[in-house]
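Counting convention: from 1, in listed order, for ligands and their atoms alike.
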Amino acid sequence: MSAVAVRRIGVVGAGTMGAGIAQLGCAAGFRTLLHDPLPEALEAGERRVRGGLDRWVAKGRADSAAADLLGTVAALDDLAGCELVIEAIVEDLDAKLALFAELEGIVRADTILATNTSALSVTEIASAVETPERVVGMHFFNPAPLMPLVEIVRAELSSDEAVEAAFRFGERLGKRPIRCHDTPGFVVNRVLIPLLNDCLRVLDEARVSPEDLDAAMTAGAGWPMGPCTLVDLVGIDVHVHASEALYEKLREPRMAPPPRIVSMRNAGLLGRKSGRGFYSYD
Ligand code: CAA
């Protein structure tokens, strides 16, 4: 597989992460096509990208022409001309396998296929395609427009060219890319998921309020935001899923989600996105 010059990117999934990645693509001067099969999700994602770009234009962080680079496409086929497609759909292996198999039939032979999965195996996702050397992980952090890191994940069969092209693309987005291998949780979540679960267990063990726990970790450990605020931001469903996926693979008790947040997830208390988690949001 030879190195491909990335000019047009596709982003599949117009949720929080997909919209954030699309915003970064436009701001960095890439023609960016955002796809979501659900029209309402695509519209909401587009609003989010344009809103984020407006804020950046006002601050001089992006050019006013950046928004012209955004296209929304209702059909996956419309991603045919992209040199890089980043998947940011639901964290469900079967859904990702089906998407990658379909994408392979649409894009060019040298198109790089990246997944933003946070807890699934990139190697397993790549098994959906006949050319797994083109598949890599590009794991962004929430909120994607603001968090500098992107983990560039080498799967079992990823080619050097695909890994390096993804790395360079991360740099062109203005991110700080790091290279790592496809192990459960990669780098950050391998450390952060059990740490957040410890924090949430302390809620009950020390009978501390979410406000005081957040104050403890911001004022006492220098975290930029407290663990309850962070889990509300990431999404309690997303955090529970990532914890379960890592626990399933590593069998370390600290990876398992505390029962309290599993109940919150089951009750629809998902954090910011549902309006209620550890805190209430308007
Ligand atoms: N587009 C453009 N601008 C945006 C924006 C967007 N999408 N979102 C926010 N902004 C703006 C804000 O409006 C704000 O502008 P002003 O300064 O003009 O008010 C600016 O960006 C900065 O926002 P904040 O004031 O909220 O910034 P902050 O200094 O408080 O930092 C933060 C925010 C970077 C999120 C910081 O709190 C932080 O680092 N938190 C930790 C987040 C974290 O750990 N994320 C990882 C989660 S784990 C994960 O993602 C992995 C996984 O797989 C689940």
Output the rest of the hydrophobic cluster of L146: all Ile, Leu, Val, Met, Phe, Trp and Tyr residues reachable through side-chain heavy-atom contacts under 4.5 Å, sorted by chain and number.
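Other cluster members: none.
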Under 4.5 Å between side-chain heavy atoms, chaining through other members, with only Ile, Leu, Val, Met, Phe, Trp and Tyr counted: pull out the rest of the cluster around L246, sorted by chain and number.
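Noted: L246 shares its cluster with I193, Y247, L250, M255.
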Cation-aromatic face contact R7/F30, 6.0 Å, 45 degrees:
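No, R7 does not lie over the aromatic ring of F30.
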For ligand 1, give me the residues whose heavy-atom distance to it is below 4.0 Å, by chain and number please.
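Close residues (ligand 1, cut-off 4.0 Å): Q23, G52, R55, W56, K59, S118, H139, F141, N142, P143, P145, L146, M147, N189, L192, P224, M225, L230, V234.
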For the residue pair Y281 and Y279, does the interplanar ring angle fall in the parallel (under 30°), tilted (30 to 60°) or perpendicular (over 60°) class?
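If you compare the ring of Y281 with that of Y279, the planes turn out perpendicular.
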Taking the side chain from D182 and the backbone from R154, do they hold a donor-acceptor pair closer than 3.5 Å?
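No.
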How would you list, by chain and number, every residue that makes a side chain to side chain donor-acceptor pair (under 3.5 Å) with R50, sequence neighbours excluded?
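For R50, the residues satisfying side chain to side chain donor-acceptor pair (under 3.5 Å) (neighbours in sequence not counted) are E46.
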